[in-house]
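Scroll down for the structure; my scribbles are underneath it.
Only this structure's heavy atoms are used, side chains among them; waters, hydrogens and symmetry mates stay out. All residue numbers refer to positions in the sequence shown, counting from 1.
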Amino acid sequence: FEVIVADGGARPGVAQAHAAHLRAFPDSPVRLVEAGGPGRAAANNAGARAARSDLLVFVADDFIPAPTLVRAHVEFHRHLCGPAVGVGPAFFTAAQRADPFCRWLEDSGRLFGIPFRIAEQRWSRQFFYVGNASLSRALFERAGAFDEAFRHDLFDDFEFGLRLAAAGVRAHYLPKALAWHDHDVTVAERAEAMRRSGIAARSCEARQVAFRPWADVAARPLAELAAALRRAEAAGRGAATGRARGEWYLAQMDYAFAEGYHSAAAAPVTAADSP
(Lines give C-alpha, C1' and ligand atoms only; values in the text may rest on other atoms or scores of the structure.)
Protein backbone atom coordinates (compact mmCIF):
# COMPACT_ATOMS: atom_id res chain seq x y z
CA PHE A 1 0.00 0.00 0.00
CA GLU A 2 0.97 3.64 -0.27
CA VAL A 3 0.22 6.68 1.86
CA ILE A 4 0.14 10.07 0.17
CA VAL A 5 0.10 13.29 2.14
CA ALA A 6 -1.09 16.24 0.04
CA ASP A 7 0.26 19.48 1.51
CA GLY A 8 -1.77 22.59 0.77
CA GLY A 9 0.53 24.84 2.78
CA ALA A 10 -1.94 25.48 5.60
CA ARG A 11 0.39 24.10 8.27
CA PRO A 12 4.09 24.90 8.60
CA GLY A 13 6.70 22.21 9.04
CA VAL A 14 5.04 19.44 7.02
CA ALA A 15 8.04 18.96 4.72
CA GLN A 16 10.43 18.88 7.69
CA ALA A 17 8.26 16.33 9.51
CA HIS A 18 8.14 14.14 6.40
CA ALA A 19 11.92 14.34 5.97
CA ALA A 20 12.42 13.32 9.60
CA HIS A 21 9.99 10.43 9.10
CA LEU A 22 11.97 9.15 6.10
CA ARG A 23 15.24 9.36 8.01
CA ALA A 24 13.74 7.20 10.74
CA PHE A 25 11.96 4.84 8.30
CA PRO A 26 13.78 4.79 4.93
CA ASP A 27 11.39 2.17 3.51
CA SER A 28 8.26 4.09 4.50
CA PRO A 29 5.36 4.06 1.98
CA VAL A 30 4.53 7.68 2.88
CA ARG A 31 4.98 10.20 0.07
CA LEU A 32 4.50 13.96 0.27
CA VAL A 33 3.07 15.91 -2.68
CA GLU A 34 2.19 19.56 -3.14
CA ALA A 35 -1.52 20.28 -3.49
CA GLY A 36 -0.88 22.85 -6.20
CA GLY A 37 -3.66 25.12 -4.96
CA PRO A 38 -5.63 26.15 -1.86
CA GLY A 39 -8.33 24.01 -0.35
CA ARG A 40 -9.19 20.39 0.29
CA ALA A 41 -10.47 19.76 -3.23
CA ALA A 42 -7.09 20.64 -4.73
CA ALA A 43 -5.28 18.50 -2.15
CA ASN A 44 -7.49 15.46 -2.77
CA ASN A 45 -7.10 15.79 -6.54
CA ALA A 46 -3.32 16.05 -6.17
CA GLY A 47 -3.26 12.93 -4.01
CA ALA A 48 -5.40 11.03 -6.52
CA ARG A 49 -3.12 12.07 -9.39
CA ALA A 50 -0.05 10.91 -7.49
CA ALA A 51 -1.57 7.57 -6.42
CA ARG A 52 -0.61 4.42 -8.29
CA SER A 53 -3.45 2.25 -7.00
CA ASP A 54 -6.73 1.43 -8.68
CA LEU A 55 -8.42 2.01 -5.29
CA LEU A 56 -8.44 5.45 -3.64
CA VAL A 57 -9.08 5.91 0.08
CA PHE A 58 -9.45 9.51 1.29
CA VAL A 59 -8.85 10.28 4.98
CA ALA A 60 -8.99 13.74 6.53
CA ASP A 61 -5.82 15.06 8.12
CA ASP A 62 -7.54 15.48 11.50
CA PHE A 63 -8.67 11.84 11.60
CA ILE A 64 -6.70 9.08 13.33
CA PRO A 65 -7.47 5.81 11.49
CA ALA A 66 -8.38 2.75 13.54
CA PRO A 67 -6.38 -0.42 12.69
CA THR A 68 -9.42 -1.78 10.82
CA LEU A 69 -9.98 1.22 8.52
CA VAL A 70 -7.90 0.24 5.48
CA ARG A 71 -8.93 -3.41 5.57
CA ALA A 72 -12.64 -2.51 5.77
CA HIS A 73 -12.37 -0.31 2.67
CA VAL A 74 -10.28 -2.87 0.75
CA GLU A 75 -12.59 -5.80 1.56
CA PHE A 76 -15.66 -3.81 0.57
CA HIS A 77 -14.29 -3.08 -2.89
CA ARG A 78 -12.90 -6.58 -3.29
CA HIS A 79 -16.44 -8.01 -3.23
CA LEU A 80 -18.15 -5.16 -5.07
CA CYS A 81 -20.28 -5.98 -8.12
CA GLY A 82 -20.99 -2.44 -9.35
CA PRO A 83 -19.92 1.19 -8.97
CA ALA A 84 -20.19 2.31 -5.35
CA VAL A 85 -18.37 4.24 -2.66
CA GLY A 86 -17.51 3.09 0.85
CA VAL A 87 -17.95 5.56 3.70
CA GLY A 88 -16.54 5.10 7.19
CA PRO A 89 -17.48 6.94 10.39
CA ALA A 90 -15.48 9.35 12.53
CA PHE A 91 -16.08 9.68 16.26
CA PHE A 92 -14.93 11.99 18.99
CA THR A 93 -13.00 10.36 21.81
CA ALA A 94 -14.69 9.77 25.17
CA ALA A 95 -12.76 12.70 26.64
CA GLN A 96 -14.00 15.03 23.90
CA ARG A 97 -17.59 13.87 24.34
CA ALA A 98 -17.43 15.13 27.91
CA ASP A 99 -17.82 18.58 26.34
CA PRO A 100 -21.55 19.30 25.75
CA PHE A 101 -20.95 21.07 22.44
CA CYS A 102 -18.88 18.23 20.98
CA ARG A 103 -21.48 15.72 22.13
CA TRP A 104 -24.27 17.76 20.51
CA LEU A 105 -22.31 18.14 17.26
CA GLU A 106 -21.79 14.40 16.99
CA ASP A 107 -25.18 13.17 18.16
CA SER A 108 -27.17 15.69 16.12
CA GLY A 109 -25.29 14.90 12.92
CA ARG A 110 -24.49 18.57 12.39
CA LEU A 111 -20.76 17.91 12.18
CA PHE A 112 -20.64 15.68 9.09
CA GLY A 113 -24.25 15.62 7.93
CA ILE A 114 -25.20 12.34 9.59
CA PRO A 115 -25.17 11.03 13.20
CA PHE A 116 -22.64 8.24 12.77
CA ARG A 117 -23.46 6.60 16.11
CA ILE A 118 -26.85 5.56 14.69
CA ALA A 119 -25.86 5.60 11.01
CA GLU A 120 -26.87 2.02 10.36
CA GLN A 121 -30.47 2.92 11.25
CA ARG A 122 -30.53 6.24 9.35
CA TRP A 123 -28.24 5.63 6.40
CA SER A 124 -28.85 7.37 3.08
CA ARG A 125 -27.42 5.76 -0.05
CA GLN A 126 -26.82 9.29 -1.40
CA PHE A 127 -24.68 10.41 1.56
CA PHE A 128 -21.04 11.20 0.85
CA TYR A 129 -18.28 12.99 2.70
CA VAL A 130 -14.62 12.80 1.83
CA GLY A 131 -13.21 12.59 5.36
CA ASN A 132 -13.25 8.78 5.29
CA ALA A 133 -14.31 7.43 1.92
CA SER A 134 -13.15 5.07 -0.81
CA LEU A 135 -13.88 4.58 -4.50
CA SER A 136 -12.19 3.14 -7.52
CA ARG A 137 -9.92 5.31 -9.62
CA ALA A 138 -12.13 4.61 -12.62
CA LEU A 139 -15.18 5.96 -10.77
CA PHE A 140 -13.24 8.97 -9.52
CA GLU A 141 -12.18 9.85 -13.05
CA ARG A 142 -15.67 9.23 -14.40
CA ALA A 143 -17.16 11.58 -11.81
CA GLY A 144 -14.70 14.29 -12.80
CA ALA A 145 -12.62 14.85 -9.63
CA PHE A 146 -13.34 17.50 -6.97
CA ASP A 147 -14.22 21.03 -8.00
CA GLU A 148 -11.20 23.13 -7.02
CA ALA A 149 -13.25 26.33 -7.10
CA PHE A 150 -14.21 25.35 -3.55
CA ARG A 151 -11.22 26.64 -1.64
CA HIS A 152 -12.19 25.37 1.82
CA ASP A 153 -13.16 22.00 3.24
CA LEU A 154 -16.80 22.87 2.67
CA PHE A 155 -19.22 21.78 -0.04
CA ASP A 156 -16.50 20.28 -2.25
CA ASP A 157 -17.52 16.80 -1.16
CA PHE A 158 -21.23 17.72 -1.10
CA GLU A 159 -21.10 18.75 -4.76
CA PHE A 160 -19.00 15.69 -5.67
CA GLY A 161 -21.52 13.46 -3.90
CA LEU A 162 -24.36 14.96 -5.92
CA ARG A 163 -22.54 14.02 -9.11
CA LEU A 164 -22.07 10.48 -7.85
CA ALA A 165 -25.76 10.18 -6.93
CA ALA A 166 -26.82 11.56 -10.33
CA ALA A 167 -24.74 8.83 -11.96
CA GLY A 168 -26.56 6.17 -9.90
CA VAL A 169 -23.63 5.48 -7.58
CA ARG A 170 -24.63 4.32 -4.10
CA ALA A 171 -22.79 4.93 -0.85
CA HIS A 172 -22.37 2.05 1.60
CA TYR A 173 -21.71 2.47 5.32
CA LEU A 174 -18.60 0.64 6.56
CA PRO A 175 -18.73 0.64 10.39
CA LYS A 176 -15.31 -1.03 10.74
CA ALA A 177 -13.65 1.68 8.64
CA LEU A 178 -13.70 3.99 11.62
CA ALA A 179 -11.47 6.90 12.59
CA TRP A 180 -11.11 9.15 15.63
CA HIS A 181 -11.76 12.85 15.08
CA ASP A 182 -9.22 13.91 17.65
CA HIS A 183 -8.82 17.66 18.01
CA ASP A 184 -10.39 20.50 19.95
CA VAL A 185 -13.66 21.88 18.59
CA THR A 186 -15.21 25.10 19.88
CA VAL A 187 -18.45 26.96 19.24
CA ALA A 188 -16.54 29.92 17.78
CA GLU A 189 -14.52 27.70 15.43
CA ARG A 190 -17.64 25.92 14.17
CA ALA A 191 -19.53 29.20 13.77
CA GLU A 192 -16.75 30.51 11.53
CA ALA A 193 -16.88 27.28 9.53
CA MET A 194 -20.64 27.72 9.14
CA ARG A 195 -20.15 31.28 7.82
CA ARG A 196 -17.79 29.94 5.19
CA SER A 197 -20.30 27.17 4.52
CA GLY A 198 -23.00 29.76 3.85
CA ILE A 199 -20.76 31.45 1.31
CA ALA A 200 -19.99 28.08 -0.28
CA ALA A 201 -23.72 27.31 -0.50
CA ARG A 202 -24.18 30.36 -2.72
CA SER A 203 -21.36 29.18 -4.93
CA CYS A 204 -22.99 25.74 -5.08
CA GLU A 205 -26.31 27.29 -6.11
CA ALA A 206 -24.56 29.00 -9.01
CA ARG A 207 -23.99 25.50 -10.38
CA GLN A 208 -27.77 25.00 -10.64
CA VAL A 209 -27.86 22.45 -7.81
CA ALA A 210 -31.42 21.24 -7.29
CA PHE A 211 -30.92 19.59 -3.87
CA ARG A 212 -30.62 22.43 -1.34
CA PRO A 213 -31.00 21.15 2.25
CA TRP A 214 -30.02 24.61 3.49
CA ALA A 215 -32.93 26.37 1.72
CA ASP A 216 -35.12 26.84 4.83
CA VAL A 217 -32.36 28.54 6.83
CA ALA A 218 -31.21 30.64 3.86
CA ALA A 219 -34.78 31.89 3.28
CA ARG A 220 -35.12 33.33 6.79
CA PRO A 221 -34.18 37.01 7.31
CA LEU A 222 -31.10 37.63 9.43
CA ALA A 223 -33.11 39.74 11.88
CA GLU A 224 -35.47 36.82 12.49
CA LEU A 225 -32.56 34.43 13.05
CA ALA A 226 -30.86 36.92 15.38
CA ALA A 227 -34.03 37.17 17.47
CA ALA A 228 -34.29 33.38 17.61
CA LEU A 229 -30.66 33.21 18.72
CA ARG A 230 -31.28 35.66 21.56
CA ARG A 231 -34.25 33.62 22.77
CA ALA A 232 -32.32 30.36 22.54
CA GLU A 233 -29.35 31.85 24.37
CA ALA A 234 -31.56 33.07 27.23
CA ALA A 235 -33.03 29.58 27.61
CA GLY A 236 -29.91 27.56 26.98
CA ARG A 237 -27.08 29.42 28.70
CA GLY A 238 -28.02 28.17 32.14
CA ALA A 239 -28.54 24.59 31.02
CA ALA A 240 -25.49 22.30 31.15
CA THR A 241 -27.13 19.77 28.81
CA GLY A 242 -30.52 18.99 27.36
CA ARG A 243 -32.79 20.27 24.61
CA ALA A 244 -32.51 23.95 25.55
CA ARG A 245 -28.74 23.94 25.21
CA GLY A 246 -28.95 22.01 21.94
CA GLU A 247 -31.40 24.58 20.54
CA TRP A 248 -28.97 27.33 21.53
CA TYR A 249 -26.13 25.61 19.67
CA LEU A 250 -28.38 25.09 16.65
CA ALA A 251 -29.46 28.75 16.63
CA GLN A 252 -25.80 29.85 16.67
CA MET A 253 -24.91 27.59 13.74
CA ASP A 254 -27.97 28.63 11.72
CA TYR A 255 -27.31 32.32 12.26
CA ALA A 256 -23.64 31.98 11.27
CA PHE A 257 -24.58 30.04 8.11
CA ALA A 258 -27.21 32.61 7.11
CA GLU A 259 -24.78 35.45 7.80
CA GLY A 260 -22.31 33.98 5.32
CA TYR A 261 -25.04 33.11 2.83
CA HIS A 262 -26.58 36.59 2.82
CA SER A 263 -23.18 38.30 2.64
CA ALA A 264 -22.44 36.30 -0.50
CA ALA A 265 -25.93 36.98 -1.86
CA ALA A 266 -25.22 40.72 -1.71
CA ALA A 267 -22.63 40.30 -4.48
CA PRO A 268 -23.14 38.78 -7.94
CA VAL A 269 -22.35 35.06 -7.92
CA THR A 270 -21.28 33.09 -10.95
CA ALA A 271 -20.30 29.46 -11.42
CA ALA A 272 -16.67 30.53 -11.41
CA ASP A 273 -16.90 32.18 -8.00
CA SER A 274 -15.18 30.36 -5.16
CA PRO A 275 -16.01 30.49 -1.46
Side-chain angles (χ1 to χ4, degrees), residues 1-6 35 39-91 106 109 111-150 152-181 200 204 207 209-213:
F1 65 93
E2 58 185 355
V3 178
I4 299 171
V5 178
R40 181 175 64 185
N44 282 337
N45 288 341
R49 286 193 301 269
R52 296 184 286 258
S53 175
D54 291 331
L55 175 63
L56 304 175
V57 180
F58 295 94
V59 180
D61 65 356
D62 57 356
F63 285 8
I64 299 176
T68 55
L69 184 146
V70 173
R71 171 171 286 186
H73 282 293
V74 169
E75 290 299 321
F76 168 70
H77 288 277
R78 179 172 292 160
H79 301 289
L80 200 60
C81 297
V85 296
V87 176
F91 299 116
E106 186 166 88
L111 187 58
F112 298 122
I114 192 169
F116 276 124
R117 290 184 180 273
I118 56 171
E120 290 180 277
Q121 288 77 46
R122 297 181 57 181
W123 186 252
S124 166
R125 290 295 182 91
Q126 284 73 49
F127 176 77
F128 178 80
Y129 85 135
V130 77
N132 181 2
S134 58
L135 69 164
S136 69
R137 173 179 295 281
L139 180 55
F140 178 79
E141 293 176 350
R142 194 177 99 199
F146 293 95
D147 188 342
E148 296 186 17
F150 292 100
H152 299 293
D153 54 343
L154 302 162
F155 273 81
D156 53 333
D157 54 356
F158 174 80
E159 189 271 339
F160 185 81
L162 291 180
R163 281 186 271 142
L164 291 174
V169 177
R170 291 186 171 188
H172 294 257
Y173 180 56
L174 311 181
K176 291 186 178 180
L178 69 94
W180 300 106
H181 189 209
C204 205
R207 291 156 171 78
V209 170
F211 178 53
R212 299 169 60 238

Partner residues of Y129 under the ring-ring contact (aromatic ring centres under 6.0 Å, His included) criterion, sequence neighbours left out: F112, F116, F127
Could you tell me which residues satisfy ring-ring contact (aromatic ring centres under 6.0 Å, His included) with F128, sequence neighbours excluded, listed by chain and number? F160
Nearest 0.5 Å please: distance from the [atom1] atom of [X] over to the [atom2] atom of [Y].
X    : Y    : atom1 : atom2 : answer
K176 : H73  : NZ    : NE2   : 13.5 Å
L56  : E141 : CG    : CD    : 8.0 Å
D61  : R40  : CG    : CZ    : 9.5 Å
D157 : L162 : CG    : CG    : 10.0 Å
L174 : T68  : CG    : OG1   : 10.5 Å

Please step through side chain to side chain donor-acceptor pair (under 3.5 Å) for the pair S136 and H77, ending with a clear verdict. CA-CA 8 Å; S136 69; H77 288 277; over 6 Å; no
So if I apply the side-chain contact (heavy atoms from CB on, under 4.5 Å) rule between F140 and each of V85, N45, L55, N44, which one comes out positive? N45
Contact check, side chains of [X] and [Y], non-hydrogen atoms, under 4.5 Å:
X    : Y    : result
L111 : H181 : yes
W123 : I114 : yes
Y173 : P89  : yes
N132 : F63  : yes

For the pair V70 and V57, evaluate side chain to side chain contact (heavy atoms under 4.5 Å, CB included) and give the outcome as yes or no after the intermediate values. CA-CA 8 Å; V70 173; V57 180; 5.8 Å; no
Can you tell me if CZ on R117 sees more than 12 non-hydrogen neighbours from other groups inside 6.0 Å? yes
Would you find more than 12 non-hydrogen atoms of other residues, nucleotides or ligands less than 6.0 Å from R125 atom CZ? yes
Under the side-chain contact (heavy atoms from CB on, under 4.5 Å) test, which residues partner E2, sequence neighbours left out? I4, R31, A51, R52, S53
Mark yes or no for whether [X], through its side chain, and [Y], through its backbone, hold a donor-acceptor pair below 3.5 Å.
X    : Y    : result
R163 : A145 : yes
D156 : E148 : no
R170 : G82  : no

Going through the distances and angles, do F76 and H172 end up as a ring-ring contact (aromatic ring centres under 6.0 Å, His included)? CA-CA 9 Å; F76 168 70; H172 294 257; 5.2 Å; yes
Tell me the closest heavy-atom pair linking [X] and [Y], and the distance in Å.
X    : Y    : result
V130 : F58  : O-CB, 3.5 Å
G47  : A6   : N-CB, 4.4 Å
E106 : A90  : OE2-O, 4.1 Å
F146 : A41  : CB-CB, 3.7 Å
F150 : L154 : CD2-O, 3.8 Å

Begin from the C-alpha positions of F158 and C204 and carry the test side chain to side chain contact (heavy atoms under 4.5 Å, CB included) through to its verdict. CA-CA 9 Å; F158 174 80; C204 205; 4.0 Å; yes
Under the criterion side chain to side chain contact (heavy atoms under 4.5 Å, CB included), I'd like the reasoning laid out for V169 against R142: C-alpha separation, chi angles, the key distance, then a yes or no. CA-CA 11 Å; V169 177; R142 194 177 99 199; 4.0 Å; yes
Does the pair L164 and L139 meet the rule for a side chain to side chain contact (heavy atoms under 4.5 Å, CB included), with working shown? CA-CA 9 Å; L164 291 174; L139 180 55; 4.2 Å; yes
